[in-house]
Amino acid sequence: MRVERVPVPVETRAPDGRTNAYLVAGGTTLLVDPPARSDDLDAAVDDADPGVDHVAVTHTHPDHVGAVAAYAERTGATVWARRGRETAFEAATGVAPDRTFVEGDRVGPATALDLQGHAPDGVGFETDAGVVCGDVAVAEGSVVVGAPDGDVRAYLTALRRLHARDPPRLFAGHGAVVDDPRATCERLIDHRLTRERAVLAAVEGGARSLDGVLAAAYGKDLTGVRDLARATVRAHVEKLVRDGDLRWDADAERVDLA
């Protein structure tokens with residue numbers, strides 16, 4: 001099994017301004033997350049032996065799907081979408097899927113794995129070489145899990161599933177390949193739980209508005225990322241509400257202890 005990473009410049013909030021496309025080759029070839037056309041990705045697709053047979057995405061955020069239609073047309077590959085998400089997939093990619101999958105199904109040389117949390121339609125593609133995991137994990141830094149689409153509880157479950165499976169590598173949607181999956185999952189879980197404790201402590205300390213919780217929970221300059229941080233705080237508040245720790249008035253954006 002061979003997994004080739006091709007970083008592609010694209011409009012994204014990721015620090016390096018690129019999203020990773022992957023070519024997964026093992027008998028047949030699967031192209032995952034083509035975010036845009038690029039010379040490097042064109043060359044990798046054209047060099048695939050015997051060719052690209054399948055196209056799929058880990059989730060339908062705009063910085064992962066921009067060239068699905070283009071490469072499907074270029075290669076004649078079968079386009080796959082997660083079952084139940086066909087309409088959203090077509091709206092995001094501009095192409096209707098040819099086939100659908102659920103967890104455990106084979107998608108070319110890989111096996112589909114549910115990894116919701118960062119996005120409601122998040123999946124991974126598992127191979128002997130590792131898991132193409134989209135934005136579930138990064139080698140450095142952390143992953144945005146922001147409301148309304150992000151779900152912190154589901155995200156923690158995704159990380160724990162990857163930790164338990166202990167793959168050789170995680171092929172991340174942004175940045176370098178993760179060579180220490182278990183340690184990385186542990187780091188990201190700890191980061192989320194630390195943020196959760198900070199959000200709860202902010203409310204216990206008297207913060208009642210979402211912006212008040214944001215200021216208390218982060219306590220640092222958020223220039224350029226304030227919207228992402230605010231969405232993250234709301235996602236944590238929503239989890240704490242489900243856990244029975246907080247009450248939340250979404251219309252007034254007011255939070256209180258349960």
Side-chain angles (χ1 to χ4, degrees), residues 3-24 30-38 40-41 44-45 54-68 70-71 80-82 85 88-89 92-93 101 107-108 110-127 129-146 149-152 154-159 161-163 165 167-181 184-185 187-189 191-192 225 228 231-232 235:
V3 180
E4 179 182 359
R5 180 175 70 98
V6 184
V8 178
V10 67
E11 186 174 341
T12 177
R13 301 292 290 273
D16 70 350
R18 299 185 296 177
T19 295
N20 294 325
Y22 288 96
L23 287 157
V24 182
L30 166 66
L31 172 62
V32 182
D33 286 356
R37 288 284 302 275
S38 76
D40 287 346
L41 189 52
V45 166
H54 308 274
V55 179
V57 300
T58 58
H59 60 296
T60 54
H61 284 171
D63 60 334
H64 288 254
V65 304
V68 169
Y71 285 111
W80 293 77
R82 189 170 178 227
R85 296 282 180 174
F89 178 92
T93 65
F101 61 82
V107 181
T111 301
L113 175 66
D114 282 344
L115 295 175
Q116 286 80 42
H118 171 74
D121 56 353
V123 298
F125 297 98
E126 190 170 29
T127 75
V131 178
V132 181
C133 67
D135 290 352
V136 176
V138 286
E140 297 181 358
S142 61
V143 170
V144 174
V145 184
D149 288 342
D151 183 317
V152 175
Y155 179 64
L156 290 170
T157 296
L159 289 172
R161 295 192 78 197
L162 287 174
H163 185 277
R165 297 178 95 85
R169 295 171 196 83
L170 295 175
F171 298 99
H174 302 282
V177 172
V178 176
D179 291 320
D180 54 352
T184 296
C185 288
R187 175 179 64 79
L188 292 168
I189 290 169
H191 174 79
R192 279 288 135 241
V225 296
L228 300 180
T232 297

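Just so it is clear, the model here is predicted, and its values are computed rather than measured. Every heavy atom of this structure was used, including side-chain atoms; hydrogens, water molecules and symmetry mates were not. Each residue takes its place number in the sequence, starting with 1.
The side-chain heavy atoms of L31 and L23, taken from C-beta on, include a pair separated by under 4.5 Å. You'll find the side chain of V138 stays beyond 4.5 Å of the side chain of V178, heavy atoms only.
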Please set out all donor-acceptor pairs under 3.5 angstrom arising from side-chain atoms of residues 129-136, sequence neighbours excluded.
residue	atom	partner	partner atom	Å
D135	OD1	H64	NE2	3.2
D135	OD1	H174	NE2	3.3
D135	OD2	H59	NE2	3.4
D135	OD2	H64	NE2	3.1
D135	OD2	H118	NE2	3.2

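Between the OG1 atom of T127 and the CZ atom of F171 there is a distance of 5.5 Å, given to the nearest 0.5 Å. Note that CZ of F101 is 4.0 Å distant from CZ of F125, once rounded to the nearest 0.5 Å. With rounding to the nearest 0.5 Å, the separation of OG1 in T58 from CG in L115 is 9.0 Å.
With sequence neighbours excluded, no residue forms a side-chain hydrogen bond (donor to acceptor under 3.5 Å, both in side chains) with Q116.
The shortest non-hydrogen separation linking A56 to V107 is CB-CG1, 4.4 Å. Between P167 and L170, the shortest heavy-atom distance links the atoms CG-CD2, 3.7 Å. Shown here for S38 and Y71, the closest heavy-atom pair between the two residues is N-OH, 3.5 Å. V8 and A21 get closest at one heavy-atom pair: CG2-CB, 4.5 Å. Considering all non-hydrogen atoms of both residues, V55 and P34 come closest at CG1-CG, 4.3 Å. Nearest heavy atoms, H61 versus A119: NE2-CB, 3.8 Å.
Counting only distance, with no hydrogens or angles, the side chain of D33 and the backbone of G173 share no donor-acceptor pair below 3.5 Å. Using modelled atom types, one side-chain atom of N20 and one backbone atom of A172 make a donor-acceptor pair closer than 3.5 Å. With hydrogens and angles ignored, the 3.5 Å screen pairs no side-chain donor or acceptor of R18 with any backbone N or O of T12. A donor-acceptor distance shorter than 3.5 angstrom exists from the side chain of T19 to the backbone of D63, with no hydrogens or angles considered.
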(message) Go through it in stages, so that I can follow the logic: the residues are I189 and L156, the test is side-chain contact (heavy atoms from CB on, under 4.5 Å), and I'd like the CA-CA distance, side-chain angles, deciding distance and then a yes or no.
(response) CA-CA 6 Å; I189 290 169; L156 290 170; 4.2 Å; yes
(request) Starting from the C-alpha separation in whole Å, work towards a yes-or-no answer on side-chain contact (heavy atoms from CB on, under 4.5 Å) for V68 and F89. (result) CA-CA 10 Å; V68 169; F89 178 92; 4.2 Å; yes
(request) List the steps, then state whether side-chain contact (heavy atoms from CB on, under 4.5 Å) holds for D121 with V57. (result) CA-CA 10 Å; D121 56 353; V57 300; over 6 Å; no
(request) Please test R192 against T232 for side-chain contact (heavy atoms from CB on, under 4.5 Å), starting from the C-alpha separation and ending with a verdict. (result) CA-CA 10 Å; R192 279 288 135 241; T232 297; 3.7 Å; yes
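When each of R165, R82, R161, R85 is tested with D114 by the rule salt bridge (Lys or Arg N to Asp or Glu O under 4.0 Å), just one qualifies, namely R82.
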